[in-house]
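These notes concern the structure reproduced below.
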Number of protein chains: 2
Amino acid sequence: MSRASERAYAAIRAHLLSGQVKAGEQLTEDQLTQITGVSRTPVREAVRRLENELLLVRSDTKRLFVADWSRDDIEEMFTLRQMLECHAAERAARRMTPGQLAEMEAVNRELKAAIALPEPDVARFLDANRAFHDAIIAAAASPRLGQMLARLVEAPVVLRTARTYSPEDLRQSARDHDELIAAFAAGDPEWARAVMGSHLRRAFHTFARTVGPATDARDT
Amino acid sequence: MSRASERAYAAIRAHLLSGQVKAGEQLTEDQLTQITGVSRTPVREAVRRLENELLLVRSDTKRLFVADWSRDDIEEMFTLRQMLECHAAERAARRMTPGQLAEMEAVNRELKAAIALPEPDVARFLDANRAFHDAIIAAAASPRLGQMLARLVEAPVVLRTARTYSPEDLRQSARDHDELIAAFAAGDPEWARAVMGSHLRRAFHTFARTVGPATDARDT
DNA sequence: CGAGAGCGTTTTGTATACAATAACCAGCTT
DNA sequence: AAGCTGGTTATTGTATACAAAACGCTCTCG
């Protein structure tokens with residue numbers, strides 16, 4: 001994307017992440033031009049993108065609001081992500097090249113360094129974690145799958161700012177990544193899928209623990 | 001969407017569907033303003049949407065081109081659609097209300113009427129078919145799932161215009177729908193998922209038969 | 001000949017003015 | 001008091017002019 005609209009996107013996103021703005025609150029394009037420092041045209045493009053990522057929503061009369069993710073919305077999102085990312089892991093296990101595998105090992109070393117004592121660096125962990133998952137998606141070589149996952153992964157980022165990860169959560173995550181790498185090295189799609197499934201499902205429960213109980217137990 | 005950009009979207013889409021334009025061909029925003037009769041601003045919004053639906057693609061330098069769907073792309077799309085729509089069928093089976101079920105039965109009667117002899121009306125069939133699948137997605141009550149499926153289903157519409165359906169294809173489709181309705185009436189998620197899976201996979205092979213052989217057999 | 005620099009043309013990106021529509025509020029009617 | 005109605009303001013949508021970037025061409029230099 002071009003410079004101004006990219007800047008607008010990043011600025012609005014940062015603004016949403018910063019927590020200065022409440023879920024359900026209305027935003028106007030004028031406010032956003034002030035926040036971003038660019039004119040309405042690129043702001044509108046950025047807003048379209050954020051709408052697509054479901055960070056912003058529109059009322060029936062085109063007013064713009066900060067999206068409000070319920071616990072059920074989040075669970076739904078995790079379920080979809082699991083479905084798609086397991087598929088991606090399976091595809092990746094079939095297609096991964098030695099170079100890609102080496103790259104993933106490097107990323108995972110970085111991830112482990114980030115959580116090393118004495119002081120785990122959560123932001124650095126999250127960056128490495130994201131790079132790891134992106135590498136899998138890249139190896140899956142499925143543009144539509146990648147696009148969909150990108151949208152799913154974007155949204156919860158908003159919520160994770162206030163989240164606390166225990167050192168054990170971080171270490172378990174690193175172990176999952178080790179096992180995923182082993183599955184890729186073995187070229188075993190079923191293994192990769194299974195590890196990814198438990199990895200994400202556990203992540204959901206870790207996440208959910210801090211949010212509250214489900215309101216509806218019917219669903220998968 | 002607003003009037004002008006909606007009109008632009010529909011006009012560009014129709015233009016792509018009409019076959020007057022080849023895959024891979026470049027389009028400029030100016031051309032599109034002429035085709036649509038609106039200014040560049042709403043054209044650009046429509047283009048963003050079509051990019052998102054992967055009917056248009058951008059070069060690395062922001063030039064706009066008609067997307068070129070390879071056989072592998074189409075297979076990938078069907079695979080994703082199957083994954084998501086099976087999930088939707090499963091959810092729908094858990095949640096369907098009597099009113100929704102009656103609605104689906106009505107839609108399926110319309111579908112059967114459309115393919116009745118002497119002269120099956122394929123356009124009418126396609127409309128009813130779409131309504132049927134939309135009803136399932138609605139019953140699944142998962143906004144993100146619905147949004148993703150909408151994008152997946154959009155694209156192949158482009159290609160199916162020239163497609164020929166045998167009367168037997170149409171009848172088998174109607175039978176699948178009958179069985180889906182039975183699964184929903186029974187409230188059996190596994191049954192619904194299984195029927196949807198075979199329904200879509202058969203649709204893929206019907207589709208693929210007219211397109212040509214796969215270039216890569218590694219994938220699911 | 002071929003590679004690359006310079007320059008006019010084409011195409012996309014941004015700002016801004018104006019138009020259309022939705023929300024708001026006051027005052028009226030019943 | 002509840003609900004409509006007219007006008008006023010706030011907000012979004014569209015057109016257009018200008019800026020920036022990419023393309024294609026020619027000309028030059030090695």
Side-chain angles (χ1 to χ4, degrees), chain A residues 1-16 18 20-68 143 147 150 154, chain B residues 1-16 18 20-68 143 147 150 154:
Chain A
M1 246 177 167
S2 49
R3 209 172 112 268
S5 45
E6 188 65 38
R7 225 155 57 84
Y9 171 80
I12 295 170
R13 189 160 206 291
H15 188 242
L16 295 175
S18 75
Q20 296 173 33
V21 65
K22 296 181 288 290
E25 186 172 327
Q26 180 171 1
L27 295 173
T28 67
E29 293 174 356
D30 260 331
Q31 286 173 254
L32 296 177
T33 58
Q34 293 180 344
I35 290 169
T36 60
V38 302
S39 79
R40 276 180 59 215
T41 309
V43 161
R44 283 169 65 88
E45 282 201 13
V47 162
R48 283 303 194 302
R49 193 167 153 196
L50 290 161
E51 275 182 81
N52 229 320
E53 291 168 1
L54 297 170
L55 284 157
L56 297 176
V57 294
R58 252 173 220 286
S59 74
D60 48 358
T61 61
K62 314 301 171 62
R63 257 70 179 167
L64 201 62
F65 299 88
V66 180
D68 184 13
Q147 199 180 323
E154 279 306 306
Chain B
M1 248 176 167
S2 51
R3 214 171 105 266
S5 44
E6 188 64 39
R7 226 157 55 85
Y9 171 79
I12 296 170
R13 189 162 206 291
H15 188 242
L16 296 175
S18 75
Q20 296 171 34
V21 64
K22 296 182 286 291
E25 185 171 326
Q26 181 171 3
L27 295 172
T28 68
E29 292 175 356
D30 260 331
Q31 287 174 253
L32 296 177
T33 58
Q34 294 180 342
I35 291 169
T36 60
V38 301
S39 81
R40 275 180 60 215
T41 308
V43 161
R44 281 169 67 88
E45 282 201 13
V47 163
R48 282 306 195 303
R49 194 166 152 196
L50 290 160
E51 275 182 81
N52 228 320
E53 292 168 0
L54 298 170
L55 285 160
L56 297 176
V57 294
R58 248 174 225 284
S59 75
D60 48 358
T61 61
K62 311 301 171 64
R63 256 70 177 165
L64 200 62
F65 299 89
V66 180
D68 185 12
Q147 200 181 322
E154 278 306 305

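In what follows, chains carry the letters A, B, and so on, assigned in the order in which the sequence lines appear, proteins first and then strands, with residues in each chain numbered from 1.
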Whole angstrom is fine here: how far is it from CG in B:Leu32 over to P in C:dT12?
9 Å
Integer-rounded Å distance: C:dT11 P and B:Glu25 CD
13 Å
Nearest whole angstrom, please: distance from the C1' of C:dT14 to the CZ of B:Arg48.
12 Å
Give a yes/no answer on whether the side chain of B:Ser39 brings an N or O atom under 4.0 Å of OP1 or OP2 in D:dA15.
yes
Do any side-chain nitrogens or oxygens of B:Ser5 fall under 4.0 Å of OP1 or OP2 in D:dT14?
yes
Tell me: CG of A:Asp60 to P of C:dA22, nearest whole Å?
10 Å
Any residue meeting salt bridge (charged side-chain N to carboxylate O under 4.0 Å, His left out) with B:Arg44, in chain and number order, not counting sequence neighbours
A:Glu45, B:Glu29
Could you tell me whether the side chain of B:Val47 reaches within less than 4.5 Å of the side chain of B:Glu51, counting heavy atoms only?
yes
Protein N or O to nucleotides 8-12 of chain D N or O, pairs below 3.5 Å:
residue, atom, partner, partner atom, Å
D:dT11, O4', A:Arg63, NH2, 3.4
D:dT12, OP2, A:Glu29, N, 3.0

Set of side chain to side chain contact (heavy atoms under 4.5 Å, CB included) partners for B:Leu27, sequence neighbours left out
B:Leu16, B:Val21, B:Gln31, B:Leu32, B:Leu56, B:Val66
Starting from the 5' end of DNA chain C, give me the residue, A:Gly37 or A:Ser59, whose nearest nucleotide shows up first.
A:Gly37
Rounded to whole Å, please give me the gap between CD in A:Glu45 and C1' in D:dT14.
15 Å
Rounded to the nearest 0.5 Å, what separates atom CZ in A:Arg48 from atom CZ in A:Arg58?
5.0 Å
At their closest point, which heavy atom of B:Ala8 faces which heavy atom of B:Pro42, and how far apart are they?
CB-O, 4.2 Å
Sidechain-backbone polar pair: A:Gln147 side chain, B:Asn52 backbone, donor-acceptor under 3.5 Å:
yes
